[in-house]
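Let me begin by presenting the structure, written as structure tokens, before commenting on it.
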Amino acid sequence: MVLVILGGGHFATANDRTFAYAIAPTVQLPSHFEDQCDRVCRSDPGQGIPKWDVPGWEQYMQVWSELAADPTNQSLRQFLGLPIGDDTGQSLAAIRATRGRSAPSWIGWKPGTYAQVDTPHFQIFSRSDRDKTTEVAEDLERCYWVWTQIFFPLWEGRAQATLHLRDDSSAGTMSDRLAGGRARLSTRKKMRVVLLRDADDYGRTLARLTGGSLQAVSQSTGFYSSERRTSFFFPDQSGDAIASRRHELVHQLFREATRSQLGGDEAGARSDFWLVEGIAGYFESMHFDNGFAAVGGWDSPRLQFARYRVFAQQQVVPLAALRPDGQTQVQQRGDLAQFYAFAIAYTHWMMDSGDVATRRWIYQMLADLYRIKIDVETLNEPTDPERGTVAMLRLDDATLASNPAGRTLEQLCLRGCLVSSKGLSQLEPAERLRWLDLTGLPINGDDLRRLVKSPESLTQLSLEACPMIDDAIASWLRSAKQLEELDLSGTRCGDLVLQSLAETTSLQTLWLTDTQVTDKSLEILSRLPQLETIDLRGTAVSAEQIARLQRQHPNWKLNP
């Protein structure tokens, strides 16, 4: 079995994200190309920020850059520990799978009832099948290499890289410097992963090992135990599960792929736990597209929820309100979802705002939290992160045009943004959207149909205050049979649209405020089996008919 691996040691910034390149026969640098090392280490005279010299980083990036251009280069592949002899240069390493006999005793598995799978950086004890285990192993290795490039100053391998790649301008390329030698990066200790059979196996195992309730544990799809130095997953390839796996992996990487001196302590135990979760949430956004790995970006799933909180709920939680809380205080918060939304949003802005001092402050803070020794001057906390983060969340047509969304969109919230039909036309059709919020945008039915050709996967849709949305979307909406919440308030929709909902048996919440709905639609509304909340204020529905609805459906929240 082989793994496909990333290449490309340089990164590019397309205003709001970071790219890494994959090993591929041809790699084209994007127009916003910018060297990652230079991006973080350059001086900024305007702010009085001196150059941060990180020995070996620039050379390590050059290794990946050259490998991206020549994926079969034997000297470069040998240095990184990649297999030699693959004509395409696509393989990372052979995966060695054996009948499991050495899992930790606390797992409680009998020898021979599981597989032990070794990759260059992970030891996986798996109760899943061979193909699914390989799929997870590939992703773990890809994520590892991306992480080493972005967080080189914190990576334990930086000392080896610096030693082997020490500057020698007379030697030419990195390939020339390494040719004929035996230099090779080595791993101090492999990171342990337990891969359960499925969600039920995962829930039962975690409940037993952690003492938590099965119901609570079953709500997660991944978990990293710093006490046991082990990550726990099950092979779910949905977007949410992959994001969760990468989130937990980043916790493990900062703890185990660095020279962390935390010992038995937890990162962020006393304060600044927001960044421990924020940087993991930032890394959740990583996806692979056209030979690149992209991290961050306006289309990051987590940012959709932050955008909704800022522009729909008018929430802006100051960074100063997040910083004092340590892990225990955070876990006891009643507003945990709000905490995560803003912790991750602030981290996105600090990593990709383009400000040298702000990005470098993140590295400094991570080094402090994980007790990793790095040589970097102390910087002040970024000023006015709230303003910068809100500005990042408020998209416009130009941002969408210059930052194509390479991922498969499952959530998209453009509420509060300065986006028109022109901007929406920059997006590729999204066929797997579950949540779409276009509130307040000056768009029409054609824009909607172009973006989502068929709304079969939609469970939540808001077209509130879209003045050009009317009954022309009726035939399109008829396919949205999984809808649970629909907001058409302030549109020109009427009875024809309501007729299209006759077979939408999952609908629970329906906002029709200030639409053109009349008494003709009430029979259809009465037949919706799951309906719980409906708002008919500002419509042509008569008071008499509203009273009748209240009598027929006393449990409805009518005109809440």
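All values below come from the heavy atoms of this structure, side chains included, with hydrogens, waters and symmetry mates left out.
- Remark: side-chain polar atoms of Trp476 are paired, donor with acceptor, to backbone N or O of Val452 under 3.5 angstrom.
- Between Phe151 and Phe254, the ring center distance clears the sub-6.0 Å criterion.
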For this session: Tell me, with the steps shown, if Arg323 and Met365 meet side-chain contact (heavy atoms from CB on, under 4.5 Å).
Result: CA-CA 11 Å; Arg323 293 202 59 188; Met365 285 290 297; 3.6 Å; yes
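- Note on Asp355 versus Arg360: no salt bridge recorded, every NZ/NE/NH1/NH2 to OD/OE distance being 4.0 Å or above.
- At distances below 3.5 Å, not a single donor-acceptor pair connects side-chain atoms of Glu503 with backbone N or O atoms of Ser500.
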For this session: Decide yes or no on salt bridge (Lys or Arg N to Asp or Glu O under 4.0 Å) for Asp535 and Lys557, but give the supporting numbers first.
Result: CA-CA 8 Å; Asp535 196 331; Lys557 295 178 182 177; over 6 Å; no
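- Of the possible donor and acceptor atoms, none in the side chain of Arg478 sits under 3.5 Å from a partner among the backbone N and O of Ala502.
- Looking at Arg302, its side chain never comes within 3.5 Å of a backbone N or O of Gly281 through a donor-acceptor pair.
- Judged by distance alone, with hydrogens and angles left aside, the side-chain atoms of Asp139 form no donor-acceptor pair with the main-chain N or O of Val136 at under 3.5 Å.
- Atom OG of Ser462 sits about 8.0 Å away from atom CD of Glu485, to the nearest 0.5 Å.
- Separating the OH atom in Tyr224 from the CG atom in Leu249 is a distance of 10.0 Å, to the nearest 0.5 Å.
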For this session: List the steps and the verdict of side-chain contact (heavy atoms from CB on, under 4.5 Å) for Leu528 and Ile534.
Result: CA-CA 11 Å; Leu528 295 176; Ile534 181 170; over 6 Å; no
For this session: Given side-chain contact (heavy atoms from CB on, under 4.5 Å), test Val356 with Val40 step by step and report yes or no.
Result: CA-CA 6 Å; Val356 175; Val40 182; over 6 Å; no
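- Closest non-hydrogen pair, Thr221 versus Ala241, comes out as OG1-CA, 3.8 Å.
- Side-chain atoms of Ser238 and Asp240 include no donor-acceptor pair closer than 3.5 Å.
- Put simply, CG on Leu536 and CD on Gln545 are 11.0 Å apart, with the number rounded to the nearest 0.5 Å.
- For the residue pair Tyr282/Ser300, the side-chain donor-acceptor check at 3.5 Å is not satisfied.
- When atom types are taken as modelled, the side chain of Arg333 and the backbone of Phe339 share no donor-acceptor pair closer than 3.5 angstrom.
- A side-chain donor-acceptor contact under 3.5 Å links Arg407 to the backbone of Asp299.
- With a 4.5 Å cut-off on side-chain heavy atoms, Tyr202 and Ser220 count as touching.
- The residue from Asp487, Leu441, Thr439, Ile469 that alone fulfils the side-chain contact (heavy atoms from CB on, under 4.5 Å) condition with Leu463 is Ile469.
- When atom types are taken as modelled, the side chain of Ser271 and the backbone of Pro324 share no donor-acceptor pair closer than 3.5 angstrom.
- A salt bridge between Arg449 and Asp446 is present, with a side-chain N of the basic residue lying under 4.0 Å from a carboxylate O of the acidic one.
- Ring planes of Trp274 and Tyr346: perpendicular class, angle over 60° (limits at 30 and 60°).
- A donor-acceptor contact closer than 3.5 angstrom is absent between the side chains of Thr134 and Asp131.
- Using a distance-only test at 3.5 Å, with no hydrogens or angles considered, no donor-acceptor pair links the side chain of Asp470 to the main chain of Arg492.
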